[in-house]
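Residues: numbered from 1 along the sequence shown. Remember, it's 1-based here, ligands and their atoms both numbered in the order they're listed.
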Amino acid sequence: MSDSYPMPTEDQVNIDPYSLPLAEINVANPYLFAHDVHGKWFRRLRDEAPVHYCVDSFFGPYWSVTRYDDIMTVDTSHAVFSSEPVITIREPFEDFPLPMFIAMDPPKHDEQRKVVAPVVGPENLKNFESIIRERTADVLEHLPLGESFNWVERVSIELTTRMLATLFDFPFEERSKLTYWSDVATAVPGLGLIESEDERKQVMLECLEYFTGLWNERVNRPGGNDLVSMLAHGEATKNMGPVEYLGNLILLIVGGNDTTRNTMTASVLSLANNPDQFEKLVADPSLIPSMVAETIRWQTPLAHMRRTAKVDTELGGQQIRAGDKVVMWYVSGNRDERVFERPDDFIIDRPNVRKHLAFGFGIHRCMGNRLAELQLKILWEEILKRFERIELAGDVQRSVSVFVHGYTGLPVIAHPRRP
Ligand code: HEM
């Protein structure tokens, strides 16, 4: 992050991107996403400068990669585009860098990922299915009927937090701590939740202290299918220092939390806004998995991943130098008209629905994608059993972030099925 540039402001929201010279385009403004006006900025880049250099920004200079095919090239070329030292456009916290395997290159990345991958392996997923269904039913059964409530809080956050508690075998009654740590880890200081990097550090250290207690309980106990036991016993992770333990915890907390949460909210929002698609789903519930994939494409819960060029290279006719920051905007690749017909429309049975980039590609492809899809599928199976429709009851509130592409509020009214 550059100290010499002020915080991005809301003014840019009212600017027509086509009125600016290409060189002045800077898409890394969280307010563009909060106001849902980023789409036209990315369309201009895709059409006119698909590999685009922004010289000055709050986050320093960076390349934007906005077309599907170029994103795929970067994501699958880890020897050229490194995930170190960090995978977001923000620089690592200077006095408190958190190592985590998503921000490592081979061989260390591969070794650590292998330790925790079984938590979402086929066997665990099979066991999770009934737990997820039970909890989903419980949350839906307790919703107020015929009156407005915030879907984000009552359903999306509640369900993803319960899932996280299961993955970590975290004390269930204290599970709201997980949501809080996840939110603090990704918050921008000064925009609500925290005021400074120092405050973030304090909260992160509380998180470490809590999880150190869980590690100590489990390190001498054999086995354990939960993430803490896996990290404490795994060959590649058992000797990690505390800060690396914290880094990997944050990865696993944030990875499984915001993303699935925002997809759950997006599914309600997009089906309510597209009644023809909702009718299609009700008429043929076997379309649920396809609808889930379309929601993940349409929402793209993580707007970008960042890489750093290891060597001088060429991409889309542009010369990228070793050390340059390269941002893959998944949120743009998933709306690339060269790959998706009518990309801004929500079409639950589009033929190439699973082709989206929202889980990334290559060696860092999302580890929890099957779990996220399973949670979403069960949610909609259970919703269709109980509710005739979920109606929007106010304005949606969106996250102010260039990374987490999601929602803080969605007022709705749930209408039960008539007997
Ligand atoms: C709709 C939900 C989700 C979305 C959109 C999503 C998206 C992503 C993306 C874009 C990446 C980076 C891919 C890349 O760099 O190529 C990633 C990595 C990762 N995700 Fe997810 N994710 C979701 C759910 C989950 C869940 C439920 C978990 C929990 C287990 C999870 C855990 C991870 C982990 C551990 C990584 C790092 C993988 C690595 O570096 O090898 N994700 N995810």
Side-chain angles (χ1 to χ4, degrees), residues 65 71-78 81-84 86-88 99-121 124-125 128 132 156 159-168 178 182 186 225-227 230-231 236-237 247-267 289 292-308 326-331 333-334 354 356-379 403-406:
V65 184
I71 292 173
M72 190 67 100
T73 301
V74 174
D75 221 356
T76 52
S77 311
H78 60 268
F81 297 102
S82 169
S83 292
E84 298 179 5
V86 71
I87 45 75
T88 60
M100 51 180 78
F101 69 83
I102 196 171
M104 291 176 192
D105 292 333
K108 204 167 167 190
H109 159 268
D110 308 18
E111 291 159 8
Q112 293 200 348
R113 175 172 168 135
K114 218 189 276 168
V115 169
V116 286
V119 82
V120 285
N124 262 13
L125 281 193
F128 286 153
I132 296 172
S156 307
L159 286 178
T160 42
T161 307
R162 288 181 186 207
M163 190 69 238
L164 268 185
T166 305
L167 293 176
F168 284 104
L178 293 167
S182 173
T186 54
N225 268 344
D226 65 279
L227 283 167
M230 285 175 180
L231 289 168
T237 48
N248 278 319
L249 289 169
I250 295 299
L251 162 62
L252 295 160
I253 294 173
V254 175
N257 194 35
D258 283 328
T259 49
T260 318
R261 176 206 295 186
N262 289 321
T263 311
M264 286 178 177
T265 307
S267 64
V292 167
E294 173 66 349
T295 305
I296 294 172
R297 178 197 73 85
W298 184 84
Q299 178 60 29
T300 313
L302 293 179
H304 76 264
M305 283 279 155
R306 166 255 179 106
R307 299 292 186 261
T308 304
V326 179
V327 178
M328 300 176 281
W329 291 104
Y330 293 142
V331 82
N334 276 342
R354 298 193 64 85
H356 67 76
L357 290 165
F359 291 128
F361 275 94
I363 61 167
H364 290 279
R365 183 170 168 81
C366 177
M367 199 185 87
N369 58 348
R370 297 283 176 214
L371 175 61
E373 289 171 344
L374 181 65
Q375 287 175 270
L376 262 299
K377 171 176 159 291
I378 293 175
L379 173 62
F403 182 60
V404 173
H405 184 218

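Atoms NE2 and OG, from His109 and Ser82 in turn, are 11.5 Å apart once rounded to the nearest 0.5 Å. Here CG of Leu371 is found 9.5 Å from CG of Asn124. Values are rounded to the nearest 0.5 Å.
In terms of the salt bridge (charged side-chain N to carboxylate O under 4.0 Å, His left out) criterion, residue partners of Arg261 (sequence neighbours excluded) are, by chain and number, Asp183, Asp258. Looking at residues two or more places apart in sequence or on another chain, you find no ring pair (Phe, Tyr, Trp, His ring centres under 6.0 Å) involving Phe128. Every residue meeting the ring pair (Phe, Tyr, Trp, His ring centres under 6.0 Å) condition with His356, not counting sequence neighbours, appears here in chain and number order: Phe359.
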Enumerate, one pair per line, all nitrogen or oxygen atoms of ligand 1 lying under 3.5 Å from a protein nitrogen or oxygen, stating the separation to 0.1 Å; write 'none' if no such pair exists.
| residue | atom | partner | partner atom | Å |
| --- | --- | --- | --- | --- |
| ligand 1 | 15 (O) | Arg307 | NH2 | 2.8 |
| ligand 1 | 16 (O) | Asp75 | OD1 | 3.0 |
| ligand 1 | 16 (O) | Asp75 | OD2 | 3.1 |
| ligand 1 | 16 (O) | Tyr330 | OH | 3.4 |
| ligand 1 | 16 (O) | Phe361 | N | 3.4 |
| ligand 1 | 16 (O) | Phe361 | O | 3.3 |
| ligand 1 | 40 (O) | His109 | NE2 | 3.4 |
| ligand 1 | 40 (O) | His364 | ND1 | 2.7 |
| ligand 1 | 41 (O) | His109 | NE2 | 2.6 |
| ligand 1 | 41 (O) | Arg113 | NH1 | 2.7 |
| ligand 1 | 42 (N) | Gly255 | O | 3.2 |

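For the residue pair His364/Ser83, the side-chain donor-acceptor check at 3.5 Å is satisfied.
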